[in-house]
Amino acid sequence: MPKFDISFCDQSVAIVTGGESGIGKATALRLAQAGVPVVMTFYADKATADAVVATILQAGGKAITAQTDVGQEAQIEALFARAEEHFGPVDLLVNSAGLNMSGVMIQDMELAQFDRLLRADLYGPFLTCRRLVRGLDKAGRGGRIVNISSIHERAPRAGGVDYDAAKGGLAQLTATLALELAPRRIAVNGVAPGMILTPMNQGALDNPQALRAKEAAIPWGRAGTPEEVADLIAFLLSPAADYITGTTVIIDGALSLTVAQGA
Ligand SMILES: NC(=O)c1ccc[n+]([C@@H]2O[C@H](COP(=O)([O-])OP(=O)(O)OC[C@H]3O[C@@H](n4cnc5c(N)ncnc54)[C@H](O)[C@@H]3O)[C@@H](O)[C@H]2O)c1
């Protein structure tokens, strides 16, 4: 059960990328529970995406899936066309699809790896944001965007040149769009999670000892859940957050504040 009620405009329609897993999945469920029709993308895992939609429909909500590689322009066009055909103009967008850092040091990193990660984590949000704005222009409406970044948009890790560059770029894409789109009443915010228990942290989920070791580094003493991030995203998308744009909300149990401690 959600911890608080949240309400949306009757005409709102959401696209959530990466809806078959982790934060995207929790967000699709949270928005549908609040009465918003949701179009959730999946990349490979059709079975899980279908199961999420079945859960939403069973609870009386509205949702469909769309297989989408977010880094491919034609597939983003097809995604929005499918969404508009089913539910009408899309005014809410959550960019959650993404790949994690490769762990490869720069001297060994193939351009293809850098390209693959940037396509998913940075080109994807560029393409979806652009298409959302074009659709809202036609519909003559405002809207709201949440881009899921990471605390690594600022805090670098060795072996993360692909991910950290993409998330750093996403932070500036978010800020720039917020400025550009404010006069059109399109709000653009970022959410920067720390360690969240999703398949992106499968190693820790599968190994309680490794999980405890990682959680010991988090001042709050535990990792976060996808549902906690989804609650934050739902709030930022809602009319209650009307005056919030151009900011990134960190949700990390103070992990990012531990930089430069201990030595
Ligand atoms: N889990 C964490 O600890 C954490 C921390 C910081 C940031 N994030 C960010 O949150 C977002 C969601 O991550 P998550 O933890 O839910 O991970 P996840 O791996 O559970 O979900 C990510 C989803 O994105 C999909 N995806 C990957 N490349 C894609 C592409 N090119 N096109 C379409 N879909 C694609 C994957 O198939 C997967 O379903 C990501 O952007 C991630 O970088 C996660």
Side-chain angles (χ1 to χ4, degrees), residues 15-30 39-52 65-76 78-79 93-102 112-128 145-157 160 162-171 173-174 190-206 210-211 214-215 217-218 220 222-230 232-233 248-253 255-256:
I15 285 182
V16 179
T17 71
E20 84 267 48
S21 184
I23 293 168
K25 176 176 156 184
T27 303
L29 288 164
R30 185 66 174 92
V39 181
M40 39 172 277
T41 76
F42 70 97
Y43 190 44
D45 190 355
K46 183 175 186 321
T48 304
D50 286 345
V52 176
T65 61
Q67 185 163 25
T68 310
D69 179 341
V70 295
Q72 302 298 326
E73 190 172 14
Q75 294 191 33
I76 296 304
L79 164 67
L93 170 64
V94 180
N95 281 306
S96 185
L99 295 168
N100 202 358
M101 66 183 264
S102 60
Q113 165 57 29
F114 193 72
D115 189 54
R116 197 168 72 93
L117 203 137
L118 263 79
R119 281 215 162 262
D121 291 32
L122 185 56
Y123 282 45
F126 165 77
L127 290 168
T128 53
I145 297 170
V146 173
N147 291 324
I148 313 304
S149 168
S150 164
I151 55 172
H152 298 295
E153 72 176 35
R154 291 179 67 87
R157 284 169 302 179
D162 44 10
Y163 187 80
D164 299 352
K167 295 299 192 184
L170 184 57
L173 183 131
T174 299
V191 164
M195 183 183 185
I196 309 298
L197 295 176
T198 73
M200 204 167 265
N201 282 306
Q202 198 60 48
L205 284 170
D206 292 342
L211 177 59
K214 282 179 183 268
E215 286 185 327
I218 301 170
W220 204 255
R222 66 169 176 86
T225 67
E227 289 74 23
E228 287 173 313
V229 184
L232 171 61
I233 296 167
T248 290
V249 182
I250 295 170
I251 177 164
D252 73 344
L255 175 60
S256 54

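None of the values given here were measured: they were computed from a predicted structure. Residue indices begin at 1 and follow the sequence shown. Whatever order the structure lists ligands and atoms in, that order sets their numbers, starting from 1.
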Quiz item: Is the backbone of A192 close enough, under 3.5 Å, to the side chain of S150 for a donor and an acceptor to pair up by distance?
Solution: no

Quiz item: Where the side chain of S96 meets the backbone of V94, is there a donor-acceptor pair that is under 3.5 Å apart?
Solution: no

Quick check on ligand 1: any N or O pairs to the protein under 3.5 Å? One line per pair.
from     : atom 1 : to   : atom 2 : distance (Å)
ligand 1 : 1 (N)  : I196 : O      : 3.3
ligand 1 : 1 (N)  : T198 : OG1    : 3.1
ligand 1 : 3 (O)  : G194 : O      : 3.2
ligand 1 : 3 (O)  : I196 : N      : 2.9
ligand 1 : 3 (O)  : I196 : O      : 3.4
ligand 1 : 3 (O)  : N201 : ND2    : 2.9
ligand 1 : 15 (O) : T198 : OG1    : 2.5
ligand 1 : 16 (O) : I23  : N      : 2.8
ligand 1 : 20 (O) : S21  : OG     : 2.5
ligand 1 : 24 (O) : G98  : N      : 3.1
ligand 1 : 31 (N) : D69  : OD1    : 3.0
ligand 1 : 32 (N) : V70  : N      : 2.9
ligand 1 : 37 (O) : E20  : OE2    : 3.4
ligand 1 : 39 (O) : E20  : OE1    : 3.1
ligand 1 : 39 (O) : E20  : OE2    : 3.3
ligand 1 : 41 (O) : S96  : O      : 3.1
ligand 1 : 41 (O) : K167 : NZ     : 2.9
ligand 1 : 43 (O) : Y163 : OH     : 2.7
ligand 1 : 43 (O) : K167 : NZ     : 3.1

Self-check item: Identified side chain to side chain contact (heavy atoms under 4.5 Å, CB included) partner of E153 from the options T248, T174, L170
Solution: T248

Practice problem: Identify, with sequence neighbours excluded, every residue that meets salt bridge (Lys or Arg N to Asp or Glu O under 4.0 Å) alongside K167. | Solution: D121

Quiz item: Does atom CZ of R154 have more than 12 heavy-atom neighbours from other groups under 6.0 Å away?
Solution: no

Quiz item: If only atom types and distance count, is the side chain of Q67 paired as donor or acceptor with the main-chain N or O of F42 below 3.5 Å?
Solution: no

